[in-house]
Amino acid sequence: MTLPAAPVADQPRPAGTDGPPRTSGAAGSVGRPTRRRPGGHGRPSWSRTLLLVLCSLTVLLPFYVTVSMAFKTPSQAVDGEAFALPSPWSIEGFVAAWELTDFPRAFGISLGITVAAVVGTILLSAMASYAISRNWHRRLYRWSFFYLLAAMFLPFPVLALSQVKLTGMVGLAGPAGVALLHIMFQLSFSTLLFTAFLRSLPAELEESARMDGASTWGTFWRIVFPLMAPMSATVGIFAFLKAWNDFMMPSMIIEDPTQQTLPVLQNIFQEQFSNDYHVAFASYLMAMAPAILAYVLAQRWVMSGLTQGAVK
């Protein structure tokens, strides 16, 4: 007579073996823990997705209308169908906008002001932030930081009259004065960003450099400033967008109409050529292109700079 086979019992595992004991048969599969995806049950958040779609449409729809209107003919631009694709595609608006705004000259002036504002803002705010963060225990540097923070509550429209009179008195009623004012009004916010970023850098790097004989100036330029590249990109993008898109400051500071920037010259499309929509949108698209290109190229460093500056 043959007896039925007894179930195989779990064998004891040798000492030092990691993990739970193995089980045989269906019990082993039932007792095995299941992995869960992070963020709940792995289902997509439809509310967040819908919010992202709506936010994207608020940016993409105006951009689509701008591109569509810029490549239309004069008759298509006034037919009231802004969302319809151009048929046929035309570059008449770009040619007219190039001539009406004297685009090469205005683009060169705007680019010069923007580059000067970006470089000056990065250098001055980086040096000021380094001095403040490394001398925080001294009262003078702490109060200097608070003074710069207080200046954030005084934008250009509040001080416009005094700045116009001051630049005229010192002979800076031109693109150079606009670039200098942009640096001044961007210095507070940029110093705040750089100071938060510098607190996340280990002080041991500077101490080792000083032990090797490096001076404070050499330590900053050779060790600290290269490590500030992500935050420099962030500050540079903010300064670029502010200087490139600004309308109020150049219109009030620059006296010579032939030295005006692109945003000021584009104001003629709202006054004299209000029916030439294809020309206006072509000019807007040409003026937007450098800002979009700069952000696309630097957005990776912008995000990393904001993330690293927010966490110590």
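Side-chain atoms are counted along with the backbone in the values below, which use heavy atoms only and exclude waters and symmetry mates.
- Linking ILVMFWY side-chain heavy atoms closer than 4.5 Å, directly or via other members, places Val279 and Val264 in two distinct hydrophobic clusters.
- Side-chain contact between Phe145 and Leu192: present, with at least one pair of heavy atoms (C-beta onward) separated by less than 4.5 Å.
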Trp221/Tyr130 under ring-ring contact (aromatic ring centres under 6.0 Å, His included): CA gap, chis, key distance, verdict
CA-CA 11 Å; Trp221 288 112; Tyr130 179 70; 9.9 Å; no
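- Looking at Lys72, its side chain does come within 3.5 Å of a backbone N or O of Ala84 through a donor-acceptor pair.
- With hydrogens and angles left out, the side-chain atoms of Thr121 and Gln186 include no donor and acceptor closer than 3.5 Å.
- Linking ILVMFWY residues whenever their side-chain heavy atoms come closer than 4.5 Å, directly or via other members, leaves Val178 and Leu241 in distinct clusters.
- Legend: residues meeting side chain to side chain contact (heavy atoms under 4.5 Å, CB included) with Phe189, ordered by chain and number and at least two apart, are Met152, Leu193, Phe238.
- Looking only at side-chain heavy atoms (C-beta outward), Thr191 and Met127 stay at 4.5 Å or farther from each other.
- Minimum heavy-atom separation, Thr73 to Pro88: CG2-O, 4.3 Å.
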I'd like to know whether Phe103 forms a ring-ring contact (aromatic ring centres under 6.0 Å, His included) with Phe107, so could you lay out the CA-CA distance, the side-chain angles of the two residues, the decisive distance to 0.1 Å, and finally the verdict.
CA-CA 6 Å; Phe103 189 82; Phe107 179 84; 5.6 Å; yes
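- No path of Ile, Leu, Val, Met, Phe, Trp and Tyr side chains, each step under 4.5 Å between heavy atoms, connects Leu161 with Phe153, placing them in separate hydrophobic clusters.
- Under the 4.5 Å side-chain heavy-atom criterion for Ile, Leu, Val, Met, Phe, Trp and Tyr, Ile109 and Leu100 are members of distinct hydrophobic clusters.
- A side-chain donor-acceptor contact under 3.5 Å links Ser162 to the backbone of Leu159.
- Listed by chain and residue number, Trp98, Asp102 satisfy the side chain to side chain contact (heavy atoms under 4.5 Å, CB included) test with Pro104 (two or more places apart in sequence, or in another chain).
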Phe247/Asn267 under side chain to side chain contact (heavy atoms under 4.5 Å, CB included): CA gap, chis, key distance, verdict:
CA-CA 9 Å; Phe247 172 82; Asn267 191 44; 4.1 Å; yes
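- The minimum heavy-atom distance between Met249 and Asp246, with the atom names listed, is CB-OD2, 2.8 Å.
- In this structure the side chain of Val164 reaches within 4.5 angstrom of the side chain of Ile253, judged on heavy atoms.
- With respect to the salt-bridge test (charged N to carboxylate O, under 4.0 angstrom), the residues Arg134 and Glu206 qualify.
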Assess the residue pair Leu61 and Phe83 against the criterion (side chain to side chain contact (heavy atoms under 4.5 Å, CB included)); give the C-alpha distance rounded to whole Å, side-chain angles, the decisive distance to 0.1 Å, and a yes or no.
CA-CA 9 Å; Leu61 282 180; Phe83 293 96; 4.2 Å; yes
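- Going from atom OG of Ser110 over to atom CG of Asn245 covers 9.5 Å, rounded to the nearest 0.5 Å.
- The two residues Ile122 and Phe194 make their nearest non-hydrogen contact at O-CE1, 4.0 Å.
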Evaluate Ile132 against Leu148 for side chain to side chain contact (heavy atoms under 4.5 Å, CB included), listing each step before the verdict.
CA-CA 11 Å; Ile132 291 173; Leu148 290 175; 4.3 Å; yes
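- The line from CG of Leu205 to CG of Leu227 is 6.5 Å long, rounded to the nearest 0.5 Å.
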Does the side chain to side chain contact (heavy atoms under 4.5 Å, CB included) test come out yes or no for Val95 and Glu92, once each step is laid out?
CA-CA 5 Å; Val95 175; Glu92 296 180 14; 5.8 Å; no
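- In this structure, CZ in Phe94 is found 10.5 Å from NE2 in His278, a value given to the nearest 0.5 Å.
- At a threshold of 4.5 Å between non-hydrogen side-chain atoms, the residues Trp46 and Leu50 do not count as touching.
- Note that the OG atom of Ser283 and the CG atom of Leu262 stand 6.5 Å from one another [nearest 0.5 Å].
- By the criterion of side-chain heavy atoms lying less than 4.5 angstrom apart, applied directly or through intervening Ile, Leu, Val, Met, Phe, Trp or Tyr residues, Leu180 is not grouped with Leu124; the two fall into different hydrophobic clusters.
- Contact annotation: the side chain of Gln260 approaches that of Pro250 to within less than 4.5 Å [non-hydrogen atoms, C-beta and beyond].
- The heavy-atom pair separating Ser133 from Leu198 by the smallest distance is OG-CD1, 3.5 Å.
- Contact check for Pro86 versus Ser68: side-chain heavy atoms found under the 4.5 Å cut-off.
- Inter-residue side-chain proximity for Thr234 and Phe197 is flagged as unmet; no heavy-atom pair is nearer than 4.5 Å.
- Cation-pi geometry between Arg199 and Trp136 is met: under 6.0 angstrom from the ring centre, within 45 degrees of the axis.
- Atom CZ of Arg142 has more than 12 heavy atoms from other residues, nucleotides or ligands within 6.0 Å.
- Nearest heavy-atom pair, Leu111 versus Trp244, reported as atom, atom and distance to 0.1 Å: N-CZ3, 3.7 Å.
- To the nearest 0.5 Å, atom CD of residue Gln163 and atom CG of residue Leu181 are 5.5 Å apart.
- Counting all heavy atoms, side chain and backbone alike, Leu154 lies closest to Phe185 at O-CE2, 3.5 Å.
- Put simply, CD1 on Ile183 and CD1 on Ile113 are 11.0 Å apart, with the number rounded to the nearest 0.5 Å.
- Taking the six-membered ring where tryptophan is involved, the planes of Phe220 and Phe225 are tilted, since the angle between them lies from 30° to 60°.
- Between the Asp256 side chain and the Thr258 main chain, a donor and an acceptor come within less than 3.5 Å of each other.
- Annotation: Phe146, atom CZ; neighbour count of heavy atoms from other residues, nucleotides and ligands within 6.0 Å is above 12.
- Heavy-atom neighbours of Phe63 CZ from other residues, nucleotides or ligands within 6.0 Å: at or below the threshold of 12.
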